[in-house]
2 protein chains.
Amino acid sequence: MARKLKTFQTISRSDLAWCRKLRLHSELPDENVAALRSIVSPVRVLPEDLVIVREGDLSTQCCVILSGFAYRSKVAENGKRQILSFHIAGDMPDLQGLPLKRMDHDLTTLWEARLGFIKHEALESVLEPRPTLARALWRETLVDALLFRQWIVNLGTRSTAGRMAYLIGELRQRLATMGLVVNEQFDFPITQSKLADALGLSIVHVNRVLQTFRTEGILDLKRRVVTLKDSKRLSSSADLTAWRTMLSARKIEIRSRRIRPAGQSKGTGRAG
Amino acid sequence: MARKLKTFQTISRSDLAWCRKLRLHSELPDENVAALRSIVSPVRVLPEDLVIVREGDLSTQCCVILSGFAYRSKVAENGKRQILSFHIAGDMPDLQGLPLKRMDHDLTTLWEARLGFIKHEALESVLEPRPTLARALWRETLVDALLFRQWIVNLGTRSTAGRMAYLIGELRQRLATMGLVVNEQFDFPITQSKLADALGLSIVHVNRVLQTFRTEGILDLKRRVVTLKDSKRLSSSADLTAWRTMLSARKIEIRSRRIRPAGQSKGTGRAG
DNA sequence: CGATTTGTTGACCGGTGTCAATGTGGGTGG
DNA sequence: CCACCCACATTGACACCGGTCAACAAATCG
């Protein structure tokens, strides 16, 4: 039996965390935030695994996650699915659709999520007289790109355990800024199969890595809840450095990177 | 002896390919393009391996590659360097610095490159009365993000040969739109060490993959020049990845992605 | 011409994918 | 309420891709 898609007219008090988040990256006048908030309609609750927009679609609206989880994914020619990113409350995962229109990937709910939708038309007319707000949204899409770059580093340079640790660590950090981490515990309703698709690993290996984390008392991921057992290494630094060093404790050498001595023919200096 | 950094006052006739490229993604009035062109100053020729901006820097200007090559990279905590993307004539690889300011990665010349610099101040004042142009630049940064997503798919889902094939294939395509592919041949002055850092592989393995491509008559990468011998098999060799999974025959279906029958409790439909 | 970087090749083995079998919990229908 | 079922999680055996080490060749540069 399909869950009902409840529709609400306005965003509720608890949904305002989204506005707080926008202001984390940009200074915005109250009026701008209010204008943006006023065009969020409708608000819906979507069930798990529902495709919000599909690759190839033309966007006509974008959404903001008020609560719950979503993920972006893409299917390669060989049929393997790659999960590109996970999204949490406060994220606008298809904001890029405003300038780009054509979706290059799927956006799907990872779990029941409360979504606010914003029509592109309405958004355009709100942005037109508010360059500061437009700039803030541009910035949001760039933060998005920044996370993609970090994810590339993650896939390309880290051990499998390191990748997993990074995923959890990044998520913890993002959830924490939204106040969604309590007692070093947070909701993350993911299957190992999806973890595998995100990390580019086999399901079996994902399972083994999680086992290791459990037996070594690092973290536990069970029943849709992540419990960080050794949070010291996490909380010590915002950029997870200690966390990662600890886990990838194998190779500290610098691979294929030559530091040229100063004064060589090939520039080591800086373009001004 | 360091090569001289020649400085020119204006961009030359051959540099205008950049403007053509901007118009590929957006419809722009002549006046807008002219305004943008007018603030490119100075134009410099930088030698190989010169850092243009470094991770952590505050951007005060951005650059446009008029000719030559550059790459973006990031060093992970374990010391491994990940190359995030390669950039060619027409690209503005640090445009994101305009809204974001703080660089999250390095930008370096891969080879001698002719770069035009644009001061952020000047750019802001050109963009302020030209929302269409501003939108076009936003779009450029989103195309950038799109390529990053594809690169994630590449790293996460393809075999090593497939990854290499994809890299060359993407580059071919981008160079072709700039008219830089002649006779299925193009300049790409890269070392195997850098290829390794881009693909997340060891240098030795990169070498072996290139050997395979050579002996199988797919492509040849030598002396800074890529020669495509069999571009059909190249593009399908990203698919050649599938030879492993195809041998196990059964699955054209998507791995770890279940299509639920309609009417189940978990949605398969589309959020409208 | 020597020095340094880059490319090439072989031997070895550890990390991961694949296959296959089994356990487990929650939902569903009788 | 129970029995079944299905998705998901877990575990072991085994093969092989790809990293590491090491030595050498070739190209490039001063």
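Source: prediction; values computed, not measured. So that the names make sense, note that chain A is the first sequence line, chain B the second, and so on, each numbered from 1. Heavy atoms only: backbone and side chains are in, while hydrogens, waters and symmetry mates are out.
- The phosphate of D:dA7 (OP1 or OP2) has no side-chain N or O of A:Thr191 nearer than 4.0 angstrom.
- Following rounding to the nearest Å, A:Gln211 (CD) and D:dA9 (P) show an atom-to-atom distance of 11 Å.
- Among all heavy-atom pairs drawn from B:Ala89 and B:Leu180, the shortest one is CB-CD1, 4.2 Å.
- We find that CG of A:Leu210 is positioned 15 Å from P of D:dC8, with the value rounded to whole Å.
- Contact of B:Arg208 with D:dT20 (side chain to base): a donor-acceptor pair of N or O atoms is detected under 3.5 Å.
- Closest approach to the B:Val204 side chain among D:dT20, D:dC8, D:dG18 is made by D:dT20 (side chain taken as heavy atoms from C-beta onward).
- We find that CG of B:Leu195 is positioned 13 Å from P of D:dG19, with the value rounded to whole Å.
- B:Arg223 comes within 4.0 angstrom of the backbone, heavy atoms only, and of no base.
- If you measure from atom NE2 of A:His205 to atom C1' of C:dC19, you get 16 Å, rounded to the nearest angstrom.
- A:Asp49 has its CG atom 12 Å from the C1' atom of D:dA7, to the nearest Å.
- A donor atom on one side chain and an acceptor atom on the other are found under 3.5 Å apart for A:Gln185 and A:Thr227.
- We find the CZ-CD1 distance between B:Phe186 and B:Ile168 to be 5.5 Å, quoted to the nearest 0.5 Å.
- Between the CG atom of A:Asp220 and the P atom of D:dA9 there is a distance of 13 Å, rounded to whole Å.
- Atom CZ of B:Phe188 and atom CD1 of B:Ile88 lie 10.0 Å apart (nearest 0.5 Å).
- Distances shown here put a side-chain N or O of A:Asn207 below 4.0 Å from the OP1 or OP2 atom of D:dT10.
- Look at CD1 on B:Ile190: it is 18 Å from C1' on D:dA27, rounded to the nearest Å.
- For the pair A:Gln192 CD and C:dG17 P, the interatomic distance rounds to 14 Å; values are reported in whole Å.
- Nearer to the 5' terminus of DNA chain C, by closest-nucleotide assignment, is the contact made by B:Lys222 (compared with the other of B:Lys222 and A:Val206).
- OP1 or OP2 of C:dT8 sits under 4.0 Å from a side-chain N or O of B:Arg214.
- Taking CD1 of B:Ile83 as the reference point, atom CD1 of A:Ile152 lies at 12.0 Å (rounded to 0.5 Å).
- To the nearest 0.5 Å, the span separating CZ on A:Arg44 from CD1 on A:Ile52 amounts to 11.0 Å.
- The pair B:Asp197-B:Lys74 fails the salt-bridge criterion, with no side-chain N (NZ, NE, NH1 or NH2) lying under 4.0 Å from an Asp/Glu carboxylate O.
- Terminal axes of the helix from C:dC1-D:dG30 to C:dG30-D:dC1 (five pairs each, C1' rotation axis) are separated by 50°, to the nearest 10°.
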